[in-house]
Amino acid sequence: MMKKVVVLMAVVLAALGHDVQLHKEFQSFKAKYQKKYISHDEEMHALRAFGRNRELINEMRMSNPEAKFGQTRFSDMTQNEFMSKMLRSHAKPAAPVSPGQTTAVTSEGQALPKEINWVTRGAVSPVRDQGDCASDWAFAAVDNIEGVNFVKNGQLTLLSTEELLSCTNNGDACNGGITAAAFEWLLNKEGGNIMTAASWPGETGTSNCTFVGKTVGATISGYQSLGQSEALLQVATVNYGPIAVGVDALSWQFYESGVLTNCSASSIDHMVTVVGYNEEGSTPYWIVKNSWGTDFGLDGYIWIQKGVNACGIKEMAITAFAAKY
Ligand SMILES: *[C@@H]1O[C@H](CO)[C@@H](O)[C@H](O)[C@H]1NC(C)=O
Ligand SMILES: *[C@@H]1O[C@H](CO)[C@@H](O)[C@H](O)[C@H]1NC(C)=O
């Protein structure tokens with residue numbers, strides 16, 4: 001009898017200790033990310049998700065030995081909530097090659113470097129933060145044009161995401177969109193011109209679509225979809241600069257650093273930008289710029305294993321071409 005009670009006590013204490021630890025971690029998570037919950041129910045829901053996510057984080061660690069995972073600002077969301085808030089399904093780009101552009105990017109006989117990083121070469125603007133707005137498609141378009149324009153014209157000019165958010169996608173800036181459609185709109189409606197971020201600031205898609213008083217920052221001459229090939233993506237990255245890619249970002253919820261080697265690739269739900277790659281170590285990887293602020297991953301970036309279509313990275317790669325000025 002006595003023995004049973006002692007065992008029971010131990011179990012209760014262990015459960016309690018576990019609970020206390022969980023509450024402690026949750027409190028420091030709340031403080032770190034300045035989380036506020038509107039009701040007790042909502043807070044309890046967040047706490048349950050947080051507890052379950054500790055197990056998910058451990059599973060991610062087991063299946064991705066070359067990456068680190070931990071608490072992030074998404075730690076109080078269930079996987080479903082993360083999906084519906086941060087990710088959207090993206091239709092395939094409509095036209096693979098725009099008029100006047102035939103097979104500009106080909107993978108024929110070029111010796112490629114083992115490493116390239118457009119960030120250190122000055123071709124990449126600071127990491128942006130889409131917040132709760134699924135405006136990733138516009139950030140990827142702008143990051144790509146800024147990069148190819150830098151490579152073509154030797155100057156990094158920050159371009160207007162707000163223009164694309166306010167003028168295209170039927171005014172539905174925050175509900176996902178198609179990067180190719182943004183390129184189409186620039187080519188068909190604006191002669192390929194995109195305005196500077198300085199003359200058209202903002203990242204919410206709430207401004208009027210008017211060009212009065214705005215300054216042209218870059219001009220595109222066409223775009224090309226890279227045909228589901230990581231080889232072509234590599235050639236395009238070397239020759240043209242940062243490239244917009246679609247990914248499945250479901251495995252990114254708790255990413256901190258290192259190379260993601262086991263990444264879900266079941267559906268493309270997020271647009272980002274490949275800004276380089278590295279093949280010097282035993283696991284080659286893409287260097288990818290995200291738009292979830294600088295506290296995501298590696299100062300806003302994520303490394304994804306190259307050559308195995310991790311996160312579906314080859315599925316929807318696309319680049320605009322910069323005109324020479
Ligand atoms: C990759 O991750 C999935 C989902 O977590 C898991 O089922 C699978 O076993 C992992 N594969 C490897 C090789 O670790
Ligand atoms: C948009 O234009 C309308 C009509 O000219 C004006 O009233 C409104 O303030 C403008 N909105 C913004 C956000 O500039």
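The residues of the chain are indexed from 1 along the displayed sequence. In listed order, ligands and their atoms are each counted from 1.
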query: Under 4.0 angstrom from atom 4 (C) of ligand 2, is there any protein heavy atom?
result: no
query: Given the protein's heavy atoms, is any one of them under 4.0 Å from atom 7 (O) of ligand 2?
result: no
query: Going by atom types only, do Lys289 and Ser125 share a side-chain donor-acceptor pair under 3.5 Å?
result: yes
- prompt: Nearest protein heavy atom to atom 11 (N) of ligand 2: under 4.0 Å?
  reply: yes
task: Answer yes or no: are there more than 12 heavy-atom neighbours, outside Gln34 itself, under 6.0 Å from its atom CD?
output: no
query: Looking only at side chains, do Thr196 and Thr215 share a donor and an acceptor under 3.5 Å apart?
result: no
message: Are there over 12 heavy-atom neighbours, none belonging to Lys36, within less than 6.0 Å of that residue's NZ?
response: no
message: Show the atoms of ligand 2 that are less than 4.0 angstrom away from any heavy atom in Asn208.
response: 1 (C), 2 (O), 3 (C), 8 (C), 10 (C), 11 (N), 12 (C), 14 (O)
Top protein contact for atom 13 (C) of ligand 2, by heavy-atom distance: Thr206 O, 3.8 Å
Atoms of ligand 1 close to Ser63 [distance to a heavy atom under 4.0 angstrom, numbered from 1]: 1 (C), 2 (O), 10 (C), 14 (O)
- prompt: So Phe296 and Tyr255, would you call those rings parallel, tilted or perpendicular, with 30° and 60° as cut-offs?
  reply: tilted
message: Suppose I only count heavy atoms of Asn262 and a 4.0 Å limit; which atoms of ligand 1 are within that range?
response: 1 (C), 2 (O), 3 (C), 8 (C), 10 (C), 11 (N), 12 (C), 14 (O)
message: Go through it in stages, so that I can follow the logic: the residues are Ser291 and Gln130, the test is side chain to side chain donor-acceptor pair (under 3.5 Å), and I'd like the CA-CA distance, side-chain angles, deciding distance and then a yes or no.
response: CA-CA 6 Å; Ser291 54; Gln130 68 186 71; 2.8 Å; yes
